[in-house]
Protein chains: 2
Amino acid sequence: MNLETVILGFLNMEPMSGYDLSKRIDSSVGFFWHATHPQIYGTLKKMIADGYVTFDHEIQESGPARKVYTITGEGKQFLLEQLPTIEPHLVKFPLLVTMFLGSELGLEFWRKALVDQIEEQEEMLQVYYTILKEIPKVGSSQDLGGYLRKRTLDFGIDYQKFFIKWLKHTLKEIKQ
Amino acid sequence: MNLETVILGFLNMEPMSGYDLSKRIDSSVGFFWHATHPQIYGTLKKMIADGYVTFDHEIQESGPARKVYTITGEGKQFLLEQLPTIEPHLVKFPLLVTMFLGSELGLEFWRKALVDQIEEQEEMLQVYYTILKEIPKVGSSQDLGGYLRKRTLDFGIDYQKFFIKWLKHTLKEIKQ
DNA sequence: TCGAGCATGTAAATGGTTACATGATTGC
DNA sequence: GCAATCATGTAACCATTTACATGCTCGA
């Protein structure tokens with residue numbers, strides 16, 4: 001899975017601009033995939049050349065014309081080829097690596113670091129709760145898409161809870 | 001945090017070769033940081049130029065001479081500067097992204113995909129349990145390093161359990 | 001004898017971040 | 001007036017992967 005596939009997946013829901021893609025990716029799968037705007041604009045350019053997307057200018061009263069991208073037949077075909085091959089996940093987790101390597105930083109450092117982390121992660125959890133309230137309830141049990149999307153949000157929330165619990169447990173044991 | 005810092009952290013425990021680093025990183029923080037061997041050899045080369053490490057040839061009866069790298073004073077200073085700044089974690093999690101984007105793949109696909117994932121993740125869990133049995137019990141409560149390292153392994157195990165539970169729950173709900 | 005593990009590396013390509021660059025609108 | 005949001009993009013650099021390249025040893 002690469003950014004091309006992710007972008008095609010979103011354009012497969014509805015046509016949108018590079019700016020929209022950036023916001024949408026961030027606020028939905030942001031926890032599972034991160035992409036910056038230069039990366040998105042660059043990839044869209046490449047995908048035009050590949051014939052996976054087309055675009056139309058959407059003139060606005062103010063500011064530059066939005067480029068609204070639409071997935072093509074070829075794009076859709078590519079998407080459906082790519083999606084089923086689920087690759088293993090990649091992680092860079094500096095906190096845990098630092099824990100493994102950084103006992104020299106001392107007890108006081110770790111106490112404070114853990115307190116800070118707990119605070120940060122609890123803020124993140126609140127953000128997810130807010131999103132949860134905003135999404136529509138999954139209606140019919142026939143709606144696989146709605147169910148799967150809600151389940152990814154559940155993952156974010158439950159993971160966050162798990163992580164906070166682990167952090168608090170570690171802090172408690174370090175304190176005594 | 002970058003690979004330089006990770007390598008320096010390991011060389012700060014004991015001098016070792018690029019090959020050793022590759023194995024050690026993989027079997028300890030592999031879950032939190034991944035590095036391939038060309039990356040490690042390349043980074044070591046750069047770090048020699050920067051004066052963060054030195055090396056000695058260790059002649060063997062057979063095969064090429066091992067290059068055993070040792071951290072320098074400058075390297076140690078750089079390490080202690082870098083370690084305390086804990087950066088946010090980066091994740092690429094194709095399974096969850098695919099769930100968000102891939103309802104078109106259909107119920108049957110997802111049933112099978114989840115069953116496969118559960119199997120894979122349960123195998124990984126067994127691997128972590130094996131490592132757990134092999135590491136020495138954390139002795140004195142004074143041993144901060146031992147405690148923190150054990151705690152990173154706990155994270156791996158508890159995360160794996162959490163993930164499997166989430167997968168099984170999803171499979172159950174998808175089945176009916 | 002064949003594959004796995006030990007042990008080193010280079011080269012090309014791809015992927016990703018950071019900084020630079022522009023300019024309008026809206027709300028405080 | 002200033003910050004945030006909308007909206008586009010380029011260029012330079014840095015990080016990472018994949019393929020290529022070599023050669024020895026040990027056990028099945």
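Just so you know, these numbers come straight off a predicted model, no measurement behind them.
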Provide, to the nearest angstrom, the distance between the CE atom belonging to B:Met47 and the P atom belonging to D:dA15. 12 Å
Should the side chain of B:His37 and the base of C:dT8 be counted as holding a donor-acceptor pair, with the cut-off at 3.5 Å? yes
To the nearest angstrom, how far is B:Met1 atom CE from C:dT17 atom C1'? 18 Å
Tell me, yes or no, whether the heavy-atom count around B:Glu122 atom CD, taken from other residues, nucleotides or ligands under 6.0 Å, exceeds 12. yes
Using a strict 4.0 Å threshold on nitrogen-to-oxygen distance, state whether B:Asp158 and A:Lys165 make a salt bridge. no
On DNA chain D, more 5' by nearest nucleotide between A:Arg66 and A:Pro38 is A:Arg66
When the distance from NE2 of A:His34 to P of D:dA15 is rounded to whole Å, what number comes out? 17 Å
Check whether the ring centres of A:Tyr159 and A:Phe32 lie less than 6.0 Å apart, and answer yes or no. no
Rounded interatomic separation in angstrom, taking CD1 from A:Ile59 and P from C:dA24: 16 Å
Think A:Gln39 has a side-chain N or O under 4.0 angstrom from the OP1 or OP2 of C:dT17? yes
Rounded off to whole Å, could you give me the CD-to-C1' distance for the B:Glu58 and C:dA7 pair? 12 Å
Residues A:Glu14, A:Arg24: salt bridge by 4.0 Å N-O rule: yes
Any chance the rings of B:Phe162 and A:Phe155 have centres within less than 6.0 Å? yes
Residues of residues 75-102 of chain A with a heavy atom under 4.0 Å from any atom of DNA chain D, listed by number, are A:Lys92
Looking at C:dT10, I'd like to know if its phosphate oxygens (OP1 or OP2) sit under 4.0 Å from a side-chain N or O belonging to B:Lys45. yes
Please determine whether a side-chain nitrogen or oxygen atom of B:Tyr41 lies at a distance below 4.0 Å from atom OP1 or OP2 of C:dT8. yes
Determine, step by step, whether A:Lys76 and B:Glu104 satisfy the salt bridge (Lys or Arg N to Asp or Glu O under 4.0 Å) criterion, reporting the C-alpha distance in whole Å, the side-chain angles of both residues, the deciding distance to 0.1 Å, and the verdict. CA-CA 11 Å; A:Lys76 177 105 189 205; B:Glu104 285 185 41; 3.0 Å; yes
In plain terms, say whether A:Arg151 and A:Asp154 are close enough for a salt bridge, that is, a side-chain N and a carboxylate O under 4.0 Å apart. yes
Within the structure, does a side-chain N or O atom of A:Thr36 lie under 4.0 Å from either OP1 or OP2 of C:dT17? yes
Examine C:dG9: is either OP1 or OP2 under 4.0 Å from a nitrogen or oxygen in the side chain of B:Lys67? Give yes or no. yes
Rounded to whole Å, please give me the gap between CG in A:Asn2 and P in C:dG16. 8 Å
When you check the gap from the basic side-chain N to the acidic O, do B:Glu4 and B:Lys46 get nearer than 4.0 Å? yes
Around A:Glu119, counting heavy atoms of other residues, nucleotides and ligands shown, do more than 12 lie under 6.0 Å from its CD? no
Below 4.0 angstrom, which residues in residues 3-27 of chain B have at least one non-hydrogen atom near DNA chain D? none
